[in-house]
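Here is the structure we will look at, set down as structure tokens.
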Amino acid sequence: MPKITIDDKEISVEGGTNIIAAAQRLGIEVPHYCYHPGLSVAGACRMCLVEIEKMPKLQTGCSTLATEGMVIKTIAHSAKAKAAVQGVLELTLINHPLDCPVCDQAGECGLQDYYMKYGLYNSRMRDAKVKKEKKASALGPHVMLDQERCILCSRCVRFTHEITKTNEIGIFNRGDHSYIDVVNGRSLENNYSGNVVDICPVGALTDRDFRFQCRVWYLQESDSICPGCSTGCNIKIHFNVRRRHIAGGRRVQRLKPRFNEAVNQWWMCDEGRYAYPSIDENRITTPSARLAAAHQRMDWRDAIDQMALALREALAAYGPESVGVIASPQLTNEDLYLIKKLFVDVLGIAAVDYRMPPNRSAKNDDFLLRADRNPNTLGAHLIGLSPFGKEISTPRILEAAAGGRLQVLYVFSTDLVAVYGEAPIANMAAHVPLMIYQGTNHNRTSTLAHLVLPAAIYAEKNGTFTNYAGRVQHLKPAFAPLAEAMPDWKILCKLAQALGHDFRYADEEAIFEELANSQPAFAGITYAGIGSHGWPIEKERVLSFVTA
Amino acid sequence: MLERVLTKNWEKTNSHKIETYMAGGGYEALRQVLTGGFTPEQVIEEVKKSNLRGRGGAGFPTGVKWSFVPKDPSKPKYMVVNADESEPGTFKDRYILERDPHMLIEGLIIGSYAIGAKTCFIYVRGEYYHPAQVVEAALAEAYRQGFLGNNLLGSGYSLEVFLIRGAGAYICGEETALLESLEGKKGWPRLKPPFPAVVGLYKCPTVINNVETLANIPHIIRRGGQWYAGLGPPKNGGTRLFALSGHVNRPGVYELPLGITLREMIYDHAGGIRDGKVIKAVIPGGSSAPVLTAAEIDVKMDHESVAAIGSMLGSGAVIIMDETTCMVKALARITKFYAHESCGQCTPCREGTGWMLKILRRILQGEGHADDPDHLLAIQGNIQGMTICPLGDAAALPVQSFVTKFRQEFDYHCVHKRCDIESACAVPA
């Protein structure tokens, strides 16, 4: 643990820590472009120069590791370093366009920000800028390249070399005519391509679907968890609800990965990143009932009453065997806990499952994306929704429905048609007196249901997911549920109350407290403990529940 | 009487053939090392004693460099010969490659033996097509004689040598860029540390030596480090090949002892300034070395003396300019080279070299501003010492020295929008 001094402040850091990281811990900024903690050190932008005692030349904070007794002065304390960084910024800017107002990166641009802080302001550049060839040319399905805005930090090149190992991007030519482009006419097409936009410090690489949609200073952000697979990448939802004239009123403008060393580090996959339109598009907005061929809008109160009545009659006349529930690993632990409490524990229904036959085409990609495209499969299991152990009971539930043995089938956020096909599910729906679909978006299954209920989508929810490794992670609502949608747990509480059971919770945290007190796998976990980076359930505990 | 060590065979017929080389005692040093019980440590010791310093430009003691290679046998070690001679004004290695390639080959075998390398790469400048052919033929001769390949001279030591031609980038003469290029990548210098002696070619310990440096080795072994050290002033062993170019009567490569003055070199050896003109300036060590004025030519040409007056001995390329030279134009030409050759990795060098060139060209076109010379000084100051490799310094130092030492010429250009030397700037740089 070398002890070093930066700008008169002392700190002890682990061996191998560079000066940028050490300074960061002291809250001292060492400006940099090419350095990224997730990539190899290039040492090329020369922005992170610092003065180190007993060293005649300025040193780069990225490649210089802390050693015992090192005394460092950053630009805040060293006139020499400040002049050097000012010089580098001047040189970075001479061949860069000076049109921030029309650049989509404005507001989150490393060149703009550092120049405003440390720049020279008085231009000495009298000569013509170097012209770069490609302006707004697509590098691949998601990423746009503006060569003239590139400062050649090589982050994107190193990303495709070191992280995805796909090597699509390279730096061509030499000197001030260097430029980045895709290699040999290839396309930047890998499932992590969007990350190069995040790590590009300037407006050279932008998101094709985000650029010029919304100025970044109109964005609000909220921490969440990607629901796209069982990794549960930590994300930020960037949204706009104040200016509804922007981007056709869409609330979510983009998703960004949020650093979590234990889960996704700095990255997320394109599949997860570009799935956000479903938050605003094709949503189920009101409860509705199917009369003949069409669905007719109905009141929440009426919908709850109708469900309660049907359930009461079914249970009274045919017993708990006449009700089937298909839960979903898309739901939060809180939702799933209430499903178990209401249907299994209170109503005594055995036909409750959340599992679908595995999708064989979905695969782990040996990085972040996992074959299980659900965020909370392990959570559902640990809560106790796998009553028959390894055997999936969903097919048996559907069989019972098709055979006319169910009075009520309650489906949560699961597109059965996508799994089993249209005809079997339509046939099944025809043989169940009441099929309820509670979900976020319309699909072919919701079309076949008799009663459709709008549920809040993850971006509108407070709650927790348990990822494949047993890490319980907290997602926070970015904004209120769309239209009449409600979080699943609230709908369940209303239904329970209509059935005469006193389900009352102040909020999701209260449900989680009860879950933690009643389900041994979650014992001791609290929202405060989960924090922004999650709570790992010990491996042994996870395994003991999985095998039990 | 000056002894010629490296150039003694150059005038002989077929000086590049192995027979010629061996008739003059060639490969005797190798025999001595491999069959005379020399350990690698003893070879290194002898080279240390010789005070041989690298001839590529940095002047680092060769024996010390070799001793940095870890003895640990877990990784292969590599010897790399830097024959990417590209510094403007430098053309000495070319003569060795073409006229006495076996001197280099014998030297590289002894060097490889000393550091424990079983593979050696000779990286030849792409434009040196003929020299590369000569060396290839010489390598084939050495293989045939059993000086290369398996079990050299029955000693149990084996060495394979490969000649690789560069693709035309000056930066690949920088040793770590050279290694990148050898590995098949773009020639971008690496961050140091780690140094190549520890992490070099394919992440293995590697020594990179200049052609002339290695050509000295057989002589040091045969005649002893002490003898070699005695040829030059303290800390500067041996003779040195100086490549004289520019406005002298007899330009060419001269083998001279280190420590000779620039004046002696120019007037006693190179026949003085052409057409009886007056000398104006000298670049003493390749185009990147700070320029000297006529008043400074009594300097002794060894590393320390040249450094003491703020320049460097560098690659031993001496460029002489007479009174008809426009220093603005000369600097523009030098700057054009570095702007063209900047690899583009580090911001200051990538952007700064091109910018300085634009300013210099504008001045030459009669569109200079009074503050342009100051801008040039400021820009070079933002490059010097700020980059991964020495190319940044190489581009900055000429600007700093030309503008500082010949300021009046720059100011004249900027104020009067033309050159004060008649007809010097007729042709644009």
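Side chains included, hydrogens not; waters and symmetry mates left out as well; all remaining heavy atoms used. Chain letters run A, B, ... following the sequence lines, proteins first, then strands; residues in each count from 1. This is a predicted model, so every value here is computed, not measured.
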Say whether, by atom type as modelled, one donor and one acceptor occur between the side chain of B:K358 and the main chain of A:A128 under 3.5 angstrom. yes
Given the options B:I383, B:D371, B:I379, B:I171, which has more heavy-atom pairs under 4.5 Å with chain A than any of the others? B:D371
Can you tell me which of A:T92, A:I171, A:N173 forms the most heavy-atom pairs within a distance under 4.5 Å of chain B? A:I171
So does A:D176 get a backbone contact from the side chain of B:R350, meaning a donor-acceptor N/O pair under 3.5 Å? no
Give a yes or no on this: more than 12 heavy atoms of other residues, nucleotides or ligands lie within 6.0 Å of atom OH of B:Y129. no
Salt bridge check, B:D372 against A:R126: does any charged N sit closer than 4.0 Å to a carboxylate O? yes
Rounded to the nearest 0.5 Å, what's the gap from NE2 on A:H177 to OG on B:S342? Could you check? 11.5 Å
Using non-hydrogen atoms only, which part of A:M47 is less than 4.5 Å away from chain B: side chain, backbone, both, or neither? neither
Heavy-atom distances under 4.5 Å only: say whether B:E367 touches chain A with side chain, backbone, both or neither. neither
Looking only at B:Q345, B:H369, B:H340, the option with the highest number of non-hydrogen pairs under 4.5 Å against chain A is B:H369
Please flag which part of B:I388 lies under 4.5 Å from any non-hydrogen atom of chain A: side chain, backbone, both or neither. both
Atom pair CG (A:N95) and CD (B:E351), whose distance is rounded to the nearest 0.5 Å: 5.0 Å
Checking A:L152 against chain B: side chain, backbone, both or neither under 4.5 Å from a heavy atom? both
Backbone N/O of A:C45 and side chain of B:T347: donor-acceptor pair under 3.5 Å: yes
Might you point out which heavy atoms bring B:C343 and A:S178 nearest each other, and give the distance in Å? O-OG, 4.0 Å
Which answer fits A:S63, side chain, backbone, both or neither, if we ask what part of it has an atom under 4.5 Å from a heavy atom of chain B? side chain
Most heavy-atom pairs under 4.5 Å with chain B, out of A:E90, A:R124, A:R174, belong to A:R174
Side chain from CB out, backbone as N, CA, C, O: work out which of these in A:F172 comes under 4.5 Å of a heavy atom of chain B, or both, or neither. backbone
Does any heavy atom of chain B fall under 4.5 Å from the side chain of A:Q86, the backbone, both, or neither of them? neither
Looking only at heavy atoms, the pair that brings A:V88 and B:P348 closest together is CG2-CG, 4.2 Å
Rounding to 0.5 Å, atoms CG (A:L91) and CH2 (B:W355) come to a distance of 6.5 Å
